[in-house]
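Below: the structure, in structure tokens.
All values below come from the heavy atoms of this structure, side chains included, with hydrogens, waters and symmetry mates left out.
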Amino acid sequence: MNLTSDWRGAGLAIDYQIKIHTLSCHTHQEVTMAEPMERLPELPVERALKVISGRWKPIILYYVFSGQKRLSELKRMMPAITQKVLIQQLREMEEHGLVARQIFAEVPARVEYSPTELGLGLEPVLLALCQWGQRHAEARNEAGEVADCIVRPRRDTAPRIFSDVHRAL
């Protein structure tokens, strides 16, 4: 749904794209909320950066690339993130098609997040950024302070170091 808000006094017209959310809670009540969905930039590189920007999105994707993760698993992997921010980042990535959320009809409810095909397309990009980060640390004589870029396998294979994956590409 698109809405246009015209602020006559200021001579501004703002175009909003509205996304409707219906939330259910433990009392079986449904709450419908509408929030404006920000329009993404037209320049593809700016659009890509906008979709993956944020303190936590690349890190969340890194962990989700290895397979389905529950919210509690992701929280344990990133103890410095608050639950509120984690949920917010996951919802934004779901909205942009990077992760899929699967809700299981269990008590208590179980929710798992997994990468979509579109999201998996970012894996080589994030790994290239990881490799650049390692080169940057080396150039600044801080190589001992950064971790290796490990590709977490989606199948039953051993983890690979990024340089092995880079040769395969």
> Just how far is it from atom CG of L74 to atom CD1 of I59, taken to the nearest 0.5 Å?
Replying inline: 11.5 Å
>> Within this structure, what is the CD-NZ distance for the pair E92 and K50, rounded to the nearest 0.5 Å?
In response: 9.0 Å
> How many angstroms lie between CD1 in I60 and CZ in F65, if you round to the nearest 0.5 Å?
Replying inline: 11.5 Å
> Quick one: does I81's side chain get under 4.5 Å of R55's, heavy atoms only?
Replying inline: no
> Does one hydrophobic cluster hold both V51 and L43, with members joined at side-chain heavy-atom distances below 4.5 Å?
Replying inline: no
>> Using only atom types and a distance under 3.5 Å, with no angle test, would you say the side chain of Q68 pairs donor to acceptor with the backbone of P115?
In response: no
> Atom CZ of R47 and atom CZ of R39: how far apart are they, to the nearest 0.5 Å?
Replying inline: 9.5 Å
> Is the number of heavy atoms from other residues, nucleotides or ligands under 6.0 Å of R135 CZ greater than 12?
Replying inline: yes
> Which residue pairs pass the side-chain hydrogen bond (donor to acceptor under 3.5 Å, both in side chains) test with at least one member in residues 72-83, sequence neighbours excluded?
Replying inline: none
> Cluster question for you: counting only ILVMFWY and a side-chain heavy-atom cut-off of under 4.5 Å, with indirect links fine, are M77 and V111 together?
Replying inline: yes
> So which heavy atom on E138 is nearest to which on A143, and how close?
Replying inline: CG-CB, 3.6 Å
> Looking at NE2 of H136 and CG of L129, how far apart are the two atoms once the value is rounded to the nearest 0.5 Å?
Replying inline: 12.5 Å
>> Please say yes or no: joined through hydrophobic side-chain contacts below 4.5 Å, possibly via intermediate residues, are W132 and V125 part of one cluster?
In response: no
>> Quick test of your reading: applying salt bridge (Lys or Arg N to Asp or Glu O under 4.0 Å), list the pairs with at least one residue in residues 100-116, sequence neighbours left out, ordered by first then second residue.
In response: E94-R101, E106-R110, R110-E112
> Going by heavy atoms in the side chains, are E142 and V146 under 4.5 Å from each other?
Replying inline: no
> Does any N or O in the side chain of T116 come within less than 3.5 Å of the main-chain N or O of L98, such that one atom is a donor and the other an acceptor?
Replying inline: yes
> Are L49 and L61 joined in one hydrophobic group, where the rule is that I, L, V, M, F, W and Y side chains link up if heavy atoms are under 4.5 Å apart?
Replying inline: no
> F104 and Y113: same hydrophobic cluster, using ILVMFWY side-chain contacts below 4.5 Å?
Replying inline: no
>> Quick check for you: to the nearest 0.5 Å, what is the distance between Y62 atom OH and W56 atom CH2?
In response: 14.5 Å
